[in-house]
Amino acid sequence: MASRDARNEGRQDVGVFDYVIVGAGSSGCCLANRLSADPDVSVLLLEAGGKDNWFWIHVPVGYLYTQNTPRTDWCYKTEAEPGLNGRALAYPRGRVLGGSSSINGMIYMRGQARDYDLWRQLGNAGWSWDDVLPYFKRSEDHYQGGDDHHGSGGEWRVEEQRLSWEILDAFRKAADECGIPPTDDFNRGDNEGCGYFQVNQKRGVRWSSAKAFLRPVLHRPNLTVMTGALAEKLRLDGRRVTGLDFRQGEALRRVRARGEVVLATGSIGSVQLLELSGIGDPAVLQAHGIEVTQALPGVGENLQDHLQMRMIFKVEGTVTLNQRAGSLQGKLGMGLEYLLFRRGPLSMAPSQLGAFTKSDPARETPNLQYHVQPLSLDKFGDPLHAFPAITASVCNLRPESRGSIHVRSADFRDAPLIKPAYLSAPGDRQVAAQAIRLTRRICAAPALARYRPVEYKPGAEIDSDDALAIAAGDIGTTIFHPVGTCRMGDDDRAVVDARLRVHGLQGLRIADASVMPTITSGNTNSPTIMIGEKAADMMKEDRRKAG
């Protein structure tokens, strides 16, 4: 008790709330909206980052500036990865109101019905496709209106992209010639096909979870939002979580929770806060001198992510962004087009054309996803190439490799150790080789012949399975979809149950991508919002039952 009293000495008590939500990202903003709709409860939303009032957050192409800058990004890095031939990757995560939805690619994607049915088959009642579809629809405001698969009038705006490219239209035709049919909707439970991604934008402007869920309810007297609030440690009384210690700048603060604390800090942040609070694998905690308060060996394990192989093809006889952005006249034209019409390259999501297909016919459903771009560069942050080119990125949607995230030390200011273990499973290396070969077939199809595509990376001379797997490590990079580190389940390696309550503790839930038992077949932002929607309903239901 003495150590706890010493830790709290000099801390300002900011009060007691029914719900304390840690993290104002994709799920946290949704939770704040739904829980504060009840005027009889008080809600505190804590965000380590600042306000979302920076110009580049709202211009879609601004992801080039919001990632890898401390103003909006945690600026994490992975450890050197053997599967990436010793490379370490930047690992962007949003640190601002809206979280990663303020810096991500804006692609609206739910995944496949099979994903959620598998969660249910793993023992998580209430998480099948039929169970979660109503939550996707509740939030959604689809540009075509509501139907059996889509919602209308919700907070989460979904629109078509406001540009097209001749070379991408040709790629879509080439994909069709290779057996990947056209589609105009990836979000009806079966996402097989090729088409332009739908995006979370509103008339050419990024639509983040902060805009969608938080701004409209900031006037509520029972909702308090604190930015610059960096969580240090959960406060426990026996097996009950009673609050949180945090900092705002140099000020030491604490908050008490009358009902529940909800972690919505993502697959990295939720692990770090749990472990700093003594909740996790005893061996990990004791190695850093952290007292064990609840042994949960699965905390930080089961990390899954989508690794994309960024294949680049030089092209001829068409305009790509490389040329448009390569001249002063082109840059001025793009700026003017966006200023006047909210259209053109500045309204671009990082990827415009998508495709879902199988790496081999024996697969039950598509296990590959393409992100095709009318541009090329060596890596994000580098200038575009001087020659016209496209990037056909392809990822394995269901990696077998499992990595981990754990604290580096007992100091909350130290970034954790991130080890995704990319391509460590033989099956992942095989799928990578198959994906590269399929991409080559598409680019050799008749529809693209007039553009004379020539493989620039990894290089057409690389052809054996082993060589292609090594090449995948050279051109592979994350699509920023870390999930699974606090997975849902009822076995001894699970961290939360099907109602997202942390095993062995009271008053603590997790509602973010870390609870996914297996990664969804596509971009993970909208599934994370769905998790927030469902968590809010379960919390309100449990409150009613408790009287």
Side-chain angles (χ1 to χ4, degrees), residues 11 13-36 41-51 74 93-102 209-210 213-214 223-236 240-248 251-280 293-294 299-300 405 407 412-413 415-416 482 485-486 495-496 500-502 505-515 528-529 531-532 535-536 539:
R11 286 189 181 272
D13 191 328
V14 302
V16 59
F17 295 81
D18 292 298
Y19 298 113
V20 176
I21 304 166
V22 188
S26 298
S27 175
C29 288
C30 178
L31 279 161
N33 180 301
R34 301 308 188 219
L35 293 175
S36 65
V41 304
S42 55
V43 179
L44 173 65
L45 177 64
L46 299 175
E47 169 54 43
K51 296 180 179 179
W74 285 94
R93 294 284 89 195
R95 184 177 180 169
V96 63
L97 287 178
S100 293
S101 75
S102 289
S209 65
F213 297 100
L214 190 58
L223 173 61
T224 302
V225 179
M226 299 180 71
T227 56
L230 181 58
E232 292 183 62
K233 187 178 290 189
L234 296 168
R235 304 175 69 233
L236 286 89
R240 182 168 188 84
V241 174
T242 60
L244 181 79
D245 292 345
F246 66 99
R247 294 192 181 202
Q248 275 191 304
L252 305 181
R253 308 197 191 283
R254 61 182 174 183
V255 61
R256 289 170 287 148
R258 185 183 297 111
E260 297 186 66
V261 174
V262 192
L263 305 189
T265 46
S267 291
I268 299 174
S270 289
V271 168
Q272 186 174 27
L273 186 54
L274 288 175
E275 291 186 336
L276 290 172
S277 307
I279 303 165
T293 57
Q294 177 66 26
V299 170
I405 295 173
V407 290
F412 70 96
R413 292 163 293 197
T485 51
C486 298
V495 178
V496 300
L500 307 184
R501 300 169 297 199
V502 174
L505 295 172
Q506 295 178 310
L508 180 63
R509 296 195 207 221
I510 305 176
D512 56 36
S514 72
V515 306
T528 302
I529 289 175
I531 289 169
M539 292 169 67

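Since this is a predicted model, take the numbers as computed values, not measurements. For the single chain, residues carry numbers from 1 onward in sequence order.
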Exercise. Can you check whether Leu500 reaches Met539 side chain to side chain, under 4.5 Å on heavy atoms?
Worked result: no
For this session: Tell me, please, which residues at least two apart from Gln506 pass side chain to side chain contact (heavy atoms under 4.5 Å, CB included).
Result: Arg240
Problem set entry | Between CG on residue Leu263 and CG on residue Leu273, distance to nearest 0.5 Å | 5.5 Å
Problem set entry | Distance-minimising heavy-atom pair for Val16 and Ala257 | CG2-C, 4.4 Å
Problem set entry | Any Val502 side-chain heavy atom under 4.5 Å of Ile510 side chain | yes
Exercise. With a 4.5 Å heavy-atom cut-off, do Val271 and Pro416 have their side chains touching?
Worked result: no
Exercise. Hey, what do you get for CZ (Phe246) to CZ (Arg235), rounding to the nearest 0.5 Å?
Worked result: 11.0 Å
Exercise. Between atom CG of Leu46 and atom OG1 of Thr265, what is the distance when rounded to the nearest 0.5 Å?
Worked result: 11.0 Å
Exercise. What residues form a salt bridge (charged side-chain N to carboxylate O under 4.0 Å, His left out) with Arg95, not counting sequence neighbours?
Worked result: none
Problem set entry | Counterpart residues, salt bridge (charged side-chain N to carboxylate O under 4.0 Å, His left out), relative to Arg93 (two or more places apart) | none
Problem set entry | Non-hydrogen atoms of Ala229 and Gln248 that approach each other most closely | CA-CG, 3.9 Å
Seminar exercise, completed: Asp512 and Gly266 have their tightest heavy-atom pair at OD2-N, 2.8 Å
Problem set entry | For the student: nearest non-hydrogen atoms of Ala513 and Pro482, plus distance | CB-O, 4.0 Å
Exercise. Just how far is it from atom CG of Asp13 to atom CZ of Arg256, taken to the nearest 0.5 Å?
Worked result: 4.0 Å
Seminar exercise, completed: Contacts of Glu260 meeting salt bridge (charged side-chain N to carboxylate O under 4.0 Å, His left out) (sequence neighbours excluded), chain-then-number -> Arg509
Exercise. OG/Ser36 to CG/Leu45 distance, rounded to the nearest 0.5 angstrom?
Worked result: 9.5 Å
Exercise. For the side chain of Thr485 and the backbone of Gly300, is there at least one donor-acceptor N/O pair under 3.5 Å apart?
Worked result: no
Problem set entry | Nearest heavy atoms of Ser101 and Ser209, plus distance in Å | OG-N, 2.9 Å
For this session: Can you sort out the partners of Arg258 under salt bridge (charged side-chain N to carboxylate O under 4.0 Å, His left out), two or more places apart, ordered by chain and number?
Result: Asp18
Exercise. Is it true that a side-chain atom of Glu47 and a backbone atom of Val96 form a donor plus acceptor pair closer than 3.5 Å?
Worked result: yes
Exercise. Where do Ser267 and Ile405 come nearest, in terms of heavy atoms and distance?
Worked result: O-CD1, 3.6 Å
Exercise. Can you find a heavy atom in the side chain of Leu236 that is under 4.5 Å from one in the side chain of Leu508?
Worked result: no
Pairs of donor and acceptor atoms involving the side chains of residues 19-33, under 3.5 Å and at least two apart or interchain, shall be tabulated with distances.
residue: Ser26; atom: OG; partner: Asn525; partner atom: OD1; Å: 2.5
residue: Ser27; atom: OG; partner: Ala511; partner atom: O; Å: 2.7
residue: Asn33; atom: ND2; partner: Phe213; partner atom: O; Å: 2.8

Exercise. If you round to the nearest 0.5 Å, how far is CD of Gln294 from CD1 of Ile279?
Worked result: 7.5 Å
Problem set entry | Student check: side-chain heavy atoms of Phe17 and Thr224 closer than 4.5 Å | yes
